[in-house]
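I have placed the structure first, in the form of C-alpha cells, so that the comments after it can refer back to it.
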Amino acid sequence: EAETLVGGVLGGALKQGTLKQGQEIEIVAFILDITNHSIYDDKFGYKKRKFTMNLIYEPEEDSFLLATCISSYCNNKKVLDMGSGSGYLALEAQKIALSVTCVDINETAVKHCKTLGLHAFVSDLFSTISEKFDVILFNPPYLPFDEAEDEESALITSGGKEGHEVLERFLFQGKQHLTENGCILVLVSSLTPHVEELFKKYDYQFNLIKEKKLFFEILKVYCLTKYL
C-alpha cells in the first residue's frame with residue numbers, strides 16, 4: 001500500500017511536470033526507491049529522509065487503465081511495449097503473451113526492465129526495431145513542452161511542442177510494425193489535442209475501448225488497426 005501511495009504521487013508529479021530531475025523531496029515514513037522498488041519503513045519514528053528522483057516513469061492511473069485491456073488483446077500474442085518505463089505493462093502482458101519486447105529511449109529504464117527479466121533495448125520509438133508485432137502497447141508522454149523543464153525529464157512528460165508530436169511520429173511509423181491483423185492499444189488524455197484527427201490522418205481504424213474521468217483530465221484507451 002505504501003509503494004502504491006508514494007509511487008502514485010511521484011508518477012503524477014512527473015507526468016504533470018511538477019517534479020524535476022535531481023530535485024530532492026522529503027517523504028515522511030515511507031521512501032520509494034524507483035531504481036530497485038524497495039520500501040524503507042520508518043514506522044512510528046517518522047524520520048525524514050531525502051530522495052533524489054530517478055528518471056523512470058512509474059505506473060499511474062494511465063498505466064493502470066491501459067493494463068486493464070491487456071487480457072482481452074494480448075493472449076498468446078507477440079507484444080511490443082513501447083516506452084516501457086518501469087516495465088509494468090510488459091510484466092502484465094508477459095503473464096499471457098507469447099512474447100514481450102520492451103523498448104524505451106531512456107537507458108535507465110531499459111536497464112531496469114532487464115533486471116526484471118524482460119527482453120528490453122534502447123529505441124527512439126521504432127528507430128532500432130525491424131520486427132512486426134500482433135499488439136503494440138503505448139502510453140505516450142502528452143504534455144506540451146515546457147522550456148523551463150530540463151531535457152531528460154521532458155522525455156518522460158513532454159509529447160512535443162503542442163503535446164501530440166510524439167504520438168504523431170509513432171502513428172506515422174506504427175503500421176509498418178503491425179502484423180496483418182495486429183492492433184495498437186494507445187492511451188491518450190484529454191490534455192492531448194487532435195488525437196482522433198491524427199488517427200484519421202494516418203489511416204487507422206479506431207475504437208474507444210476504455211475511458212476514465214479524473215478531476216483534471218479524461219483518460220482514454222483506443223484500439224487502432226490498419227485499413228485492410
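None of these values were measured; they are calculated from a predicted model.
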Quick one: does any side-chain atom of Asn207 pair with a main-chain N or O of Ile209 as donor and acceptor, under 3.5 Å?
no
Got more than 12 heavy atoms from elsewhere within 6.0 Å of CZ, Phe121?
yes
Test Leu80 against every option in Val135, Asp134, Val103, Ile184 by the side-chain contact (heavy atoms from CB on, under 4.5 Å) rule and name the one that passes.
Val103
State, to 0.1 Å, how close Cys183 and Leu178 come at their nearest heavy-atom pair, and which atoms those are.
O-CD2, 3.5 Å
Once rounded to the nearest 0.5 Å, what's the spacing between atom CG of Leu185 and atom CG of Asn139?
11.5 Å
Looking at Phe133, is Lys77 sitting on its ring face, NZ or CZ under 6.0 Å from the six-membered ring centre and within 45 degrees of the normal?
no
Scanning both residues in full, the closest heavy-atom pair of Leu137 with Cys74 reads CD2-SG, 4.3 Å
Would you indicate whether Glu107, at its atom CD, is surrounded by more than 12 heavy atoms from other residues, nucleotides or ligands within a distance under 6.0 Å?
no
Of the non-hydrogen atoms in Val100 and His119, which two are nearest, and what is the gap between them?
O-CB, 3.8 Å
Using atom types as modelled and distance alone, determine if a side-chain donor or acceptor of Thr128 lies under 3.5 Å from a backbone N or O of Val122.
yes
Under the salt bridge (charged side-chain N to carboxylate O under 4.0 Å, His left out) definition, can you give me all pairs with a residue in residues 83-96, not counting sequence neighbours?
Glu92-Lys95
Between Gln173 and Ile129, does a side-chain contact (heavy atoms from CB on, under 4.5 Å) hold up when you go through it step by step?
CA-CA 11 Å; Gln173 304 171 53; Ile129 300 173; over 6 Å; no
Show the nearest heavy-atom pair for residues Val221 and Cys69, with the distance to one decimal.
CG1-SG, 3.8 Å
Atom of Ala93, atom of Val79 and distance for their closest heavy-atom approach:
CB-CG1, 4.3 Å
Can you tell me if Asp104 uses its side chain to pair, donor with acceptor, with the backbone of Gly85 under 3.5 Å?
yes
Of Tyr204, Phe199, Phe126, which is the lone residue that meets ring pair (Phe, Tyr, Trp, His ring centres under 6.0 Å) with Phe170?
Phe126
Looking only at non-hydrogen atoms, find the nearest pair between Thr225 and Gly182 and report the distance.
CG2-O, 3.8 Å
For Lys201 and Glu168, indicate whether the former's side chain and the latter's backbone hold a donor-acceptor pair under 3.5 Å.
no
Provide the full list of salt bridge (charged side-chain N to carboxylate O under 4.0 Å, His left out) pairs with a residue in residues 120-133, sequence neighbours left out, each pair given once.
Lys78-Glu131, Asp124-Arg169
